[in-house]
Every structure is written in structure tokens, then in C-alpha cells.
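Comments concern the structure below.
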There are 2 protein chains.
Amino acid sequence: MVAMHMVEQDSAPPDEAARHASARTARASALAQDYVEIIADLLAREGEARPTDIARRLGVTHATAIKTIGRLKRDGLAHSKPYRGVFLTEAGHELAQRVRARHLTVVAFLAAIGVPPQVAEADAEGIEHHVSDATLAAFERFLANA
Amino acid sequence: MVAMHMVEQDSAPPDEAARHASARTARASALAQDYVEIIADLLAREGEARPTDIARRLGVTHATAIKTIGRLKRDGLAHSKPYRGVFLTEAGHELAQRVRARHLTVVAFLAAIGVPPQVAEADAEGIEHHVSDATLAAFERFLANA
DNA sequence: AGCATTATGTAGTCCGGGCTACATTTCACG
DNA sequence: CGTGAAATGTAGCCCGGACTACATAATGCT
Ligand SMILES: [Mn+2]
Ligand SMILES: [Mn+2]
Ligand SMILES: [Mn+2]
Ligand SMILES: [Mn+2]
């Protein structure tokens, strides 16, 4: 048994566990975020968001997209009628806007510190889902002072 | 003044699909990375890596940890004998070192741009898995010139 | 209008990654 | 030593997120 002298060095397990739990939660909501972002973009640019187009942009089959859209509907983020294209609920639209803003900020930030554009786009697609408000704010400060 | 590149405004679907596919791949390997990182740390600090300790640090049940360790073994990253604690293969050890280095860099970088330490630790736990070599290099350059 | 093509939807499968419940083994200690 | 607590392992369930294969609806073209 070691006397407990060193206070801070030990990385208390509960904290670490909480961090990993956070990361798991973020991972779980990442897909929904990408979907609403894409749906919002399709609605804005094309006027409609068809499952096939959503699927193509994600690089998955239409069956996968349709099933996921079903979960979005279940979770109150989207709605649609058979064969008629997908729309966002108010909640879905708000989420999409937040997600889009974060996406743009992350990409811009990475580019600003010298990451090649292509890579910035690619990395951002994953990183964005793990950027907290505090970190996003830091990114924005950096961009402002650049 | 920024050079106006005006390259692809259109975000060609195949590229976007590839980016999402990349993010999916990264997401899929994230868990294994966290495991080997924790196992390496336990081995270094305690001399042994027990499933229960691994589970506690991740905030999951021991049953979950044991099943995941089974996948690590299947994938040639770890090995263990019944009731005896977990060890890393050469491949596992190498992965752990890369992962640890990246983790430290990401945390240091976030802290350097003004993210509060606690938040930096939390966000890094997810972000680290989506940081490519090019982005990691950019982080290191930033830290060097800071 | 009729038919071929495309889009949409459904069913069924697979694996990852979480859980609970229970069985078994190890180990500390009285 | 023995034995009870702790660790380990197993079984079985659940849901997410991917796929293929097939069925059905919508659409566009001749
Ligand atoms: Mn994304
Ligand atoms: Mn995005
Ligand atoms: Mn991590
Ligand atoms: Mn880590």
C-alpha cells in the first residue's frame, strides 16, 4: 500500500471513465448528425432529399439509408411519406444548422493551421462530432485572431 | 490576402462518400485503440492489465471488456491465458505507442489553443481517432512554434 | 398508353459493442 | 489450510448500422 501523497498525477478512474463515456455518446450521435446535415443540404440545394441521394453522399446502400432515416423519424428529427422524400422536423432543422456550423468551423480551423484542404475535409468529418462547445469556441477565437 | 482558389464548389459525391467512409473506418478502430492504450498504460504502471481494471477505466462492465479483449486477441493485438491478465503482442504494443503519442499531442494542442484542461482531455478522447498523420503534423508544428 | 428504368421499401443476415445474470476460478486471510 | 470475496469467464439479450436480395411503386420515354 502506497501512502496517498501524490494528489493530481493519478488520473482518477472515474474521470477517465466519464471521458470515455462521453466519447461513446458522441460516437452514437455522429451518424444522425451527418444525416440531418446532408438532408438539410439536399433540401436547400435541390429542393428535395431522396433516400438514394442521401445514400450516395454517404457511400452506403439505399437500404441502409432508409433504415437510418427510420430511426431519425423515430427520434423526431425527420418525417416522410412513402416514396415522397425526406423532410426535417423543427428539431432536425435546428440540429442540422448547429452541425453545419460546426462542420464549417472545424474545416476552416484545420485549414488555418496548415492542414491540406482535402485532408481537412476528411478529418473534419470525424472530428466534428467530438468538438465540445468550449473547443469550438477556441477554434473560433483562433480563426478570429488569425 | 488569401489566394482565391475556387476549386471544387460542388463537393463531388464520390469524394464526400469517401470522406464518410474514412470516418466510419476510424470510428470502427477507435475502441481497439483505446483498449491497447489503456492496457499498455496498466502494464507499464501496474505490471499487469486485468480485465476488471480495464473495464473500470473505460466505464463499462467487465463482461463487455472481456468480449472486446477477445476481439483484440482475434485481431492479433493482444494475448492472454485464462484468469491471467492481458498482454499486448508486438503489433499491439506498436499501436499503443502510436495511439498514446497522438493522444498526448491532441491534448497538448487543444490546451495550447486555450481549451480548458478538463475539456481538452474529454474532447481528445474522441478526436484523437480521427486525426490523420497530416493533421497530427500540423498540431506538432503549431506546438513547436508556440 | 405501355413498358423499361429507376427509386423506394422490406426482409433477413451479420457483426460490434453494450448490458444482466449466472457459473467458475483465484486469492487473501482468519 | 479452508473458505468467502473478488475476479474472471460464459450465455444470452438488445440495438445500431452495415449488407444482399427481392418486391413494389413511380417515372420517363417511345
Ligand atoms: Mn461527420
Ligand atoms: Mn459533417
Ligand atoms: Mn479515445
Ligand atoms: Mn486516448
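The ring-ring contact (aromatic ring centres under 6.0 Å, His included) test applied to A/F142 returns A/F109, B/F142, not counting sequence neighbours. For A/R56, the salt bridge (Lys or Arg N to Asp or Glu O under 4.0 Å) partners are A/D53, not counting sequence neighbours.
Listed by first and then second residue, the side chain to side chain donor-acceptor pair (under 3.5 Å) pairs involving residues 76-88 of chain A are A/K73-A/S80 (not counting sequence neighbours).
Screening B/L43, B/L72, B/I39 for a side chain to side chain contact (heavy atoms under 4.5 Å, CB included) with B/V86, the sole residue that qualifies is B/I39.
Heavy atoms of other residues, nucleotides or ligands lying less than 6.0 angstrom from CD of B/E140 number more than 12. Atom CZ of B/R27 has more than 12 neighbouring heavy atoms from other residues, nucleotides or ligands inside a 6.0 Å radius.
Residue contacts for A/R56: at a heavy-atom cut-off of 4.0 Å it reaches no nucleic acid atom on any strand shown.
A straight line from CG of A/L58 to C1' of D/dG17 spans 12 Å, rounded to a whole angstrom.
Running 5' to 3' along DNA chain C, contacts with non-hydrogen atoms of chain A at under 4.0 Å begin and end at C/dA7 to C/dG18.
With DNA chain C read from its 5' end, the first of the two nearest nucleotides for B/P82 and A/R84 is the one closest to A/R84. Of the two residues contacting DNA chain C, namely A/R50 and A/R27, the nearest-nucleotide position lying further toward the 5' end is that of A/R50. Ranked by how close their nearest DNA chain D nucleotide is to the 5' end, A/T61 and A/Y83 are led by A/T61.
Here the side chain of B/T135 pairs no donor or acceptor atom with the backbone of B/V131 at under 3.5 angstrom.
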* Asked: Are B/E16 and A/R57 close enough, and set up right, to give a salt bridge (charged side-chain N to carboxylate O under 4.0 Å, His left out), and what steps lead you there?
  -> CA-CA 6 Å; B/E16 183 180 9; A/R57 292 196 36 177; 2.7 Å; yes

For nucleotides 10-14 of chain D, tabulate all protein N/O to nucleotide N/O atom pairs closer than 3.5 Å, reporting atom names and distance.
none

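Shown for residues 30-38 of chain B: residues whose heavy atoms fall under 4.0 angstrom of DNA chain C, namely B/L31.
For the pair A/T64 and D/dC19, the criterion of a side-chain N or O lying under 4.0 Å from OP1 or OP2 is met.
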